[in-house]
Amino acid sequence: MKISIIVPCYNEEGNVLRFYEVLKQELSSILDKIELIFVNDGSRDGTGQKLHEIADRNELPVKTIHFSRNFGKEAALRAGLDHADGDYISIIDADLQQRPKYILDMLNILWADERYDAVACYQGERRETKTLSFFKDSFYKMINAVSEVELYRSASDFRTFKRSVRDAICSMSEKQRFSKGIFAWVGFKTYYMEYQVEDRFEGETKWSFTKLFKYALDGIFAFSTFPLNCICLVGMFGGAIGAIWLLALLILWAVTGKAVSVVCLILAALVFLTSTQLFFTGLLGQYLSRMYVEIKDRPMYIMKEYYHNEDRLEQ
Ligand code: UDP
Ligand code: MG
């Protein structure tokens with residue numbers, strides 16, 4: 001049996017060596033089954049060098065994938081999945097906020113009950129500001145109301161799953177990836193396991209508010225066509241109101257003959273209609289721009305270097 005552990009890394013030079021040591025310690029009972037897949041997502045610090053050091057120790061099978069630039073965590077996860085050939089696959093961050101010991105807990109759940117295909121960790125106690133929590137709650141309410149898949153609010157991408165789940169995820173070729181939606185979309189029986197999130201060992205989070213907001217929009221546009229349907233609904237509704245309004249005005253004009261207020265009303269109606277039209281054209285543009293990116297069919301990531309220490313391990 002083989003367990004592939006995928007670790008996306010972006011500017012984690014202060015964490016990767018410590019992560020590796022902690023992982024070896026906490027997963028010592030299954031170390032002979034593990035392969036590590038580090039994805040260096042275009043780090044600008046010494047992460048690449050540290051990963052080479054880890055691979056060169058030849059203690060465990062280690063694959064290191066180095067991107068030509070920063071493509072984002074989603075692309076890093078995809079690269080990891082593309083190179084994962086274990087019977088079980090785990091995804092974990094490099095900053096030790098997610099302790100490797102939970103991987104063993106997740107595996108035990110999968111081994112104990114064959115019916116489960118995946119285990120997803122969720123944070124018991126949330127370590128985020130009230131404002132961020134509010135925005136996240138609103139996002140989940142919104143996406144669950146309008147999308148075809150149900151997203152579990154606190155579930156992270158700290159997960160362990162069977163190879164069949166990995167194959168299903170890799171069969172999805174969309175470029176603007178939103179992992180939480182993808183995990184939900186492929187289905188499979190998932191066990192949700194609570195875990196305690198730790199403080200980052202070194203460095204800072206890579207997620208600014210703007211990045212999170214953009215990610216949330218990607219999620220909504222990738223998993224719901226509701227905004228597009230809105231255009232038709234509002235168009236029909238606005239059209240009907242406009243027609244009734246115009247008819248009422250014409251009747252009123254014929255009866256009272258007050259021309260000036262009618263001009264004002266028409267102006268107001270024009271402003272209202274053109275602005276809603278603009279808003280919805282913008283919405284349409286959101287889908288178009290995403291289609292544009294998909295049609296270009298660019299690769300999700302570009303690998304500058306790939307190294308697998310397996311040959312040296314066998315010597
Ligand atoms: N990460 C990545 N590419 C990026 C941003 C982040 O590979 O563009 C990695 C990062 O190195 C870490 C994981 O994704 O291992 C989670 O990132 P971070 O800790 O910044 O996110 P948070 O824990 O704050 O959600
Ligand atoms: Mg983190």
Side-chain angles (χ1 to χ4, degrees), residues 4-23 36-51 54 62-84 89-100 102-103 120-129 131-133 135-136 139-140 151-160 175-180 182-183 195-216 218-219 300-306:
S4 305
I5 301 181
I6 300 169
V7 196
C9 311
Y10 178 48
N11 295 345
E12 301 284 8
E13 69 174 348
N15 288 324
V16 283
L17 282 176
R18 173 88 185 134
F19 168 85
Y20 178 68
E21 291 304 332
V22 173
L23 181 132
L36 285 173
I37 306 173
F38 286 103
V39 187
N40 175 15
D41 183 12
S43 300
R44 291 197 200 100
D45 63 359
T47 304
Q49 187 52 40
K50 293 275 190 309
L51 295 181
I54 291 173
V62 175
K63 293 173 179 168
T64 57
I65 299 163
H66 302 265
F67 284 179
S68 59
R69 65 166 170 86
N70 178 240
F71 280 88
K73 185 179 175 185
E74 291 289 334
L77 292 184
R78 177 58 200 249
L81 289 170
D82 285 342
H83 291 83
I89 289 106
S90 286
I91 296 173
I92 185 168
D93 290 350
D95 57 9
L96 284 170
Q97 281 196 277
Q98 304 165 339
R99 300 295 295 228
Y102 292 115
I103 292 180
C121 282
Y122 68 90
Q123 288 182 35
E125 176 204 342
R126 281 191 221 151
R127 296 207 177 179
E128 57 199 17
T129 61
T131 329
L132 189 61
S133 205
F135 279 112
K136 283 192 177 174
F139 165 71
Y140 280 99
L151 299 194
Y152 196 80
R153 158 67 170 100
S154 328
S156 62
D157 42 26
F158 184 24
R159 284 165 194 255
T160 298
K175 307 291 184 301
Q176 292 144 121
R177 296 179 80 82
F178 179 72
S179 276
K180 285 184 183 180
I182 288 175
F183 282 125
Y195 85 111
Q196 200 58 49
V197 68
E198 310 284 331
D199 285 331
R200 233 175 189 279
F201 180 66
E202 265 267 353
E204 285 177 356
T205 176
K206 315 294 182 304
W207 292 94
S208 62
F209 189 78
T210 340
K211 254 188 159 178
L212 271 178
F213 186 68
K214 199 185 154 290
Y215 188 59
D218 276 344
M300 275 168 248
Y301 55 87
I302 292 177
M303 244 174 15
K304 187 172 72 175
E305 194 191 329
Y306 174 70

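Residues: numbered from 1 along the sequence shown. Everything quoted here is computed from the prediction, not taken from an experiment. What's counted below: heavy atoms across the whole structure, side chains too, no hydrogens, waters or symmetry copies. Order of appearance sets the numbers: ligands from 1, and atoms from 1 within every ligand.
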Per-atom contacts, ligand 1 versus [X] - under 4.0 Å to a heavy atom:
X: D95; result: 19 (O), 23 (O)
X: C9; result: 7 (O), 11 (O)
X: G72; result: 3 (N), 8 (O)
X: A94; result: 15 (O)
X: D41; result: 2 (C), 3 (N), 4 (C), 7 (O), 8 (O)
X: E12; result: 10 (C), 11 (O), 12 (C), 15 (O)

Quick check on side-chain hydrogen bond (donor to acceptor under 3.5 Å, both in side chains): which of K304, H66, E305 does N40 satisfy it with? H66
List the residues meeting side chain to side chain donor-acceptor pair (under 3.5 Å) with K214, not counting sequence neighbours, and say none if there are none.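 Side chain to side chain donor-acceptor pair (under 3.5 Å) check on K214 returns nothing, list empty.
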For K211, side chain to side chain donor-acceptor pair (under 3.5 Å) partners two or more places apart: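 Counting only residues at least two positions away or on another chain, K211 forms no side chain to side chain donor-acceptor pair (under 3.5 Å).
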Which of these, G80, S156, P8, has its nearest heavy atom closest to atom 15 (O) of ligand 1? P8
Going by heavy-atom distance to atom 1 (N) of ligand 1, choose the closest among Y10, F67, W207, F19.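 Checking each option, the heavy atom nearest atom 1 (N) of ligand 1 is found in Y10.
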What do you reckon, are the aromatic ring centroids of Y301 and F67 less than 6.0 Å apart?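 Yes, the ring of Y301 comes within the 6.0 Å limit of the ring of F67, centre to centre.
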Starting from the C-alpha separation in whole Å, work towards a yes-or-no answer on ring pair (Phe, Tyr, Trp, His ring centres under 6.0 Å) for Y195 and Y122. CA-CA 6 Å; Y195 85 111; Y122 68 90; 8.2 Å; no
Once the angle between the rings of F213 and F209 is folded into 0 to 90°, is it parallel (under 30°), tilted (30 to 60°) or perpendicular (over 60°)?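 Rings of F213 and F209: parallel, as their planes differ by under 30°.
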Within a distance under 2.8 Å of the Mg ion (ligand 2), the protein atoms of type N, O or S are D95 OD2, Q97 OE1
Side chain to side chain donor-acceptor pair (under 3.5 Å) pairs, two or more places apart, involving residues 68-80: D41-N70, K73-D93, K73-D157, E74-S179, E74-Y215, R78-D82
Can you tell me which portion of K206 lies within the under-4.0 Å heavy-atom range of ligand 1? Options are side chain, backbone, both, or neither.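 Under 4.0 Å from ligand 1, K206 contributes backbone and side-chain atoms.
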Please work out, at 4.0 Å between heavy atoms, whether the side chain, the backbone, both, or neither of N70 comes within that distance of ligand 1. side chain
